[in-house]
Structures are given as C-alpha cells and as structure tokens.
A.B. asks: 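The structure's right below; bear with me while I get my questions together.
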Amino acid sequence: MTLPPKVTERAFERLAEIDAAPQALRVAVEGGGCSGFQYEIMLDEPKPDDLVIEGNGQKVVVDSVSLPFLENATIDFSDELIGARFTVENPNATSSCGCGTSFSM
C-alpha cells in the first residue's frame, strides 16, 4: 500500500495567499538533475488520474507516475533568507543535491 504524500498547513496557506485556485500545485518527479531525479513544482490544472490533496480551499496534485516516488513525503513551504519556495521532504531519497530539487533513490 502506497502512503500518499502529506501537505503541511503552511503550504496550503501559501497557496491561498497567492490565490492559486482553480489551479492546483502540481508536484511531479522527472528523470534528470544532478542526482538522477528532480522535482517539478508548478501551478497546473488537475487531471483525471491525479491524486488530489485538499486543504484550506486549495489543492495539491500528484500524477500516478510520480506517486510511488513521493510515498510518505511531506510537501511544505519554506520562507528563508535565501528565498521562499515549496519544498519536498522525501524519506525515500537516498541522497540529494544542495539545491534540494534533485535526488536519487
């Protein structure tokens, strides 16, 4: 059984601040990056085969191909001195690059 990713309240709050609806935050995994896989995070329309996670009137979607790579991951929003961005904490990643967008399994 695949455990879906979790989305923090802070991530849903940020989506509400930028008024993302009716679009959703899409979190996908693609081949590439310096560690083998990379996250692609963007606003997009939900598709029929997406897992939809809802909160605070907002949606986060993950496509069926990316879902196994994001099992039990946490999608969050980070606002630090170096910049603000959506982040993925992935317990399945065996290593990641310094920028946090590329990982290996």
Side-chain angles (χ1 to χ4, degrees):
M1 179 176 163
T2 300
L3 296 173
K6 299 173 201 75
V7 181
T8 66
E9 188 62 32
R10 184 172 38 202
F12 282 128
E13 288 171 1
R14 180 60 181 147
L15 285 169
E17 285 175 15
I18 62 174
D19 197 22
Q23 291 189 314
L25 182 72
R26 177 171 300 283
V27 180
V29 174
E30 295 186 345
C34 55
S35 296
F37 296 101
Q38 62 187 6
Y39 300 112
E40 185 170 320
I41 300 174
M42 65 184 147
L43 292 178
D44 193 14
E45 297 292 328
K47 295 182 175 52
D49 71 331
D50 288 338
L51 169 71
V52 179
I53 305 165
E54 297 186 66
N56 201 13
Q58 303 298 312
K59 295 178 182 177
V60 174
V61 297
V62 178
D63 64 85
S64 60
V65 174
S66 299
L67 191 56
F69 295 100
L70 295 170
E71 181 177 3
N72 208 27
T74 301
I75 300 164
D76 197 6
F77 181 77
S78 174
D79 190 1
E80 300 173 356
L81 185 60
I82 60 171
R85 64 189 174 124
F86 288 97
T87 62
V88 178
E89 182 181 317
N90 192 339
N92 307 305
T94 56
S95 66
S96 62
C97 68
C99 67
T101 61
S102 180
F103 68 99
S104 63
M105 294 183 80

A.B. asks: I want to check something: taking the side chain as every heavy atom from C-beta on, are V27 and S66 in contact at a cut-off of under 4.5 Å?
C.D. replies: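 With C-beta onward as the side chain, the pair stays apart.
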
A.B. asks: Excluding sequence neighbours, so at least two apart, what forms side-chain contact (heavy atoms from CB on, under 4.5 Å) with P91?
C.D. replies: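 Here the qualifying residues are N72, A73.
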
A.B. asks: Of all residues at least two apart in sequence or in a different chain, which pass the salt bridge (Lys or Arg N to Asp or Glu O under 4.0 Å) check with K6?
C.D. replies: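 Scan of K6 (salt bridge (Lys or Arg N to Asp or Glu O under 4.0 Å), adjacent residues dropped) gives none.
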
A.B. asks: Is any side-chain heavy atom of L70 closer than 4.5 Å to one of P4?
C.D. replies: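 No; the side chains remain at least 4.5 Å from each other.
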
A.B. asks: Please tell me if the side chains of P5 and L51 come closer than 4.5 Å, counting only heavy atoms from C-beta onward.
C.D. replies: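 A side-chain contact under 4.5 Å exists here.
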
A.B. asks: Considering non-hydrogen atoms only, spot the tightest contact between S64 and P68 and give its length.
C.D. replies: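 In terms of heavy atoms, the two residues are closest at O-CD, 3.4 Å.
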
A.B. asks: Compare every heavy atom of F77 with every heavy atom of T87, then report the nearest pair and how far apart it is.
C.D. replies: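 Residues T87 and F77, closest heavy atoms: OG1-N, 4.5 Å.
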
A.B. asks: Are V62 and M42 connected in a single hydrophobic cluster, I mean Ile/Leu/Val/Met/Phe/Trp/Tyr linked by side-chain heavy atoms less than 4.5 Å apart?
C.D. replies: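 They do not share one cluster, since no chain of ILVMFWY contacts under 4.5 Å joins M42 to V62.
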
A.B. asks: Sequence neighbours left out, what passes side-chain contact (heavy atoms from CB on, under 4.5 Å) with E45? Give chain and number order.
C.D. replies: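 Applying side-chain contact (heavy atoms from CB on, under 4.5 Å) to E45 gives Q23.
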
A.B. asks: Taking all non-hydrogen atoms of both residues into account, name the closest pair between F86 and I41 and its distance.
C.D. replies: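 Looking at all heavy atoms of both residues, the shortest contact is O-CD1, 3.7 Å.
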
A.B. asks: Identify, with sequence neighbours excluded, every residue that meets side-chain contact (heavy atoms from CB on, under 4.5 Å) alongside T8.
C.D. replies: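 side-chain contact (heavy atoms from CB on, under 4.5 Å) list for T8, sorted by chain: R10, A11, T74, D76.
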
A.B. asks: Sorted by first residue and then second, give each salt bridge (charged side-chain N to carboxylate O under 4.0 Å, His left out) pair with at least one member in residues 50-69; sequence neighbours left out.
C.D. replies: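 Pairs touching residues 50-69 that pass the test: R26-D50.
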
A.B. asks: Could you tell me which residues satisfy side-chain contact (heavy atoms from CB on, under 4.5 Å) with Q58, sequence neighbours excluded, listed by chain and number?
C.D. replies: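 For Q58, the residues satisfying side-chain contact (heavy atoms from CB on, under 4.5 Å) (neighbours in sequence not counted) are F12, L15, A16, A20, A21.
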
A.B. asks: What pairs meet the side chain to side chain donor-acceptor pair (under 3.5 Å) rule with one or both residues in residues 12-22, with sequence neighbours excluded?
C.D. replies: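 Of all non-adjacent pairs touching residues 12-22, those that pass side chain to side chain donor-acceptor pair (under 3.5 Å) are R14-E17.
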
A.B. asks: How far apart are the closest heavy atoms of P46 and P22, and which atoms are they?
C.D. replies: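 Nearest pair, atom of P46 first, then P22: CD-O, 4.3 Å.
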
A.B. asks: Can you name the nearest heavy-atom pair linking V29 to F69, along with the distance?
C.D. replies: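 Closest heavy-atom pair between V29 and F69: CG2-CB, 3.8 Å.
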
A.B. asks: Identify whether I18 and I75 are in the same connected component of the hydrophobic contact network (ILVMFWY, side-chain heavy atoms under 4.5 Å).
C.D. replies: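 Yes, I18 and I75 fall within the same hydrophobic cluster.
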
A.B. asks: Other than V65, which residues form its hydrophobic cluster under the rule that side-chain heavy atoms must be closer than 4.5 Å?
C.D. replies: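 Reading the cluster by chain and number, V65 sits alone, since nothing else belongs.
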
A.B. asks: Who else is in V52's hydrophobic cluster (ILVMFWY, side-chain heavy atoms under 4.5 Å, direct or via others)?
C.D. replies: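 Direct or chained contacts put V52 with V61.
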
